[in-house]
Amino acid sequence: MKRLIMLFFVTAGFAAAAPSPPGLIANVHARTTVSLNGTWHVIIDPYETGLQYRYYENRKPKDKQELVEYDFDASGTLNVPGDWNSQRESLLFYEGSVWYERSFSYHRDELARTFLYFGAANYQARVYLNGKAIGEHQGGFTPFNFEITNDVRDGDNFVVVEVNNARRGDSVPALNTDWWNYGGLTRDVAIVEVPATFIQDYFVQLAKGSQSEIAGWVKLNGATQPEQVTIEIPEANLAQRVTTDRDGYAEFKFAAKLQLWSLDNPKLYRVTLSGAGDRVEEQIGFRTIETRGTKILLNGKPIFLRGISMHEEAPFRGGRAFSPEDDAILLGWARELGCNFVRLAHYPYNEAMIRLADRMGILVWEEIPVYWDIDWKNAATLQFAEEQMGDLIARDHNRAAAIFWSIGNETPIAPARVEFMKQLVGYTRGLDSTRLVTAALNRPESPDANTRLLNDPLGEFLDVLGLNEYVGWYDGTIPSLDALQWKTAYEKPLIVSEFGAETPFGAHGSADARWTEEYQSSLYEHQIAMLRKIPSLAGMSPWVLMDFRSPRRPLPGVQDFYNRKGLISDRGQRKQAFYTLQKFYRELAAAPPN
Ligand code: GCB
């Protein structure tokens, strides 16, 4: 049996060392692309028969004798981007493998190098072009690309992708989450064309702690000799030339007089990088973010983060959000609520969302799905987490809006977990030392009935402490909030990254009756009164902007597989608590606490 399995893998071209994705191409949408979005044929494959029967060959029987037990063309279709769960009733709870196929005709430009780009595929993707294995990727929320220069044909081509969202104990996230495990090609798919030597990635940001100096690097792909690259910001009269090393890499640092990106004026500069026969253009904002004691400083000034936690779920139509329209509604609601900050829980969102936050002047907490309990002792699991953080940072490291890299949510206090998270902090800082590292913690001690002490050992390694607390919902009563005092063991800024209560929109009753809008609103009032008393509080992001689907929430007539802690229903109806928080945020905006 073992031999047989090995055989399948070898046939499929994915032996143990399947090619992992090469470095991401930054700012893909500024490149020449051919979109592969649209209708794809799909075969649902709960038993993973596709590998054995080689669905990736997309065969037709050559005569009336040949046995071919699948047919993409006669199977159904799904839209890409889009999860499968919300597109077909029968797939709502489906977890497993789905094979996607799309044919396309392509005109080969002999000078160009060609890549196949995926905005995200949840969770594991195996990619084939014209029957050949091209690459494999794990992690449901980060982009990846594979070079297909030598495999794409002039004329007809077909791409087949097996996407598998089966939960696994060693993956990130692991087996248990409080969100829907939307599977599929959930974000854009495109062919990307670049020159033989191209600017693969670059970091153009203010030097850490400086408002007048740009520091960064540029990385070429395909360079065979040192090359000159020029970084220009025409509006600021800046042009800096650097020479890359043998690996196509160069660092730079130069003085710059810039108008800073801020919440009131989210100024973005047109930045161009050119050299080695390539040119790429960007919109980049420049700001500093740091901490001093228990304060968070934006451009050197203390700021209080009026936030809301979110899920990347589409308003009105449901399913995983992916479009500019979805992003605009969600961030528009946050703005209406009075937010200057959003926590994009619990995984990386689509890139356009962060770019929109950049343009709107909304600060962003980005997170990877190290969620609850995962396989802390497994080196492969740490690698999966690092890959997701690495890809997230590679994608968003030029976004002014992104200020926090969150390494996880509500992880248990245990030595193996602290060790794992410590490594992840180091890895994250090694990739980007200009942003703040945080995590949502949730295991305070109770030295006495009215005191909670956040002393999680992980706190020592973070720049900013996130705290999820559900006093008044999972923990104690609403009145118990009034006498409660919060302390932390670290002289660091604290963000209460979650609190909340659940109610369907339109459910009314007394303020002490669960599952009513009155209860939720009352909880917000008492929470706000309690939070006002925490001296180190630097911000908050209650749970959650909009109701979202969760397989853990079955209560009929109330939840119906939705987590109803939204301030807004999935149909866009604002609950009472929306206005309670909005009132507080208006007061804060008028008279900031710092
Ligand atoms: C939490 C989790 C979040 C859940 C939320 C809840 O602490 O971080 O993912 O959805 O509580 O509603 O229980």
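One-based numbering, in listed order, for ligands and for the atoms of each.
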- Message: One pair to check against salt bridge (charged side-chain N to carboxylate O under 4.0 Å, His left out): R564 and D570. What are the steps and the verdict?
- Response: CA-CA 9 Å; R564 302 272 183 205; D570 56 302; 3.4 Å; yes
Decide, yes or no, whether a salt bridge links [X] with [Y] under the criterion of side-chain N to carboxylate O below 4.0 Å.
{"X": "D547", "Y": "R571", "value": "no"}
{"X": "R320", "Y": "D83", "value": "no"}
{"X": "E313", "Y": "R549", "value": "no"}

- Contact residues of ligand 1 (heavy atom under 4.0 Å), by chain and number: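 For ligand 1, the residues that come within the 4.0 Å heavy-atom cutoff are D178, H346, Y371, N409, E410, N468, Y470, Y474, E498, W543, F548, R553, N563, K565.
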- Can you establish whether the number of heavy atoms outside Q485 located under 6.0 Å from its atom CD is more than 12? no
- Message: Nearest 0.5 angstrom please: D456 CG to T488 OG1, how far?
- Response: 11.5 Å
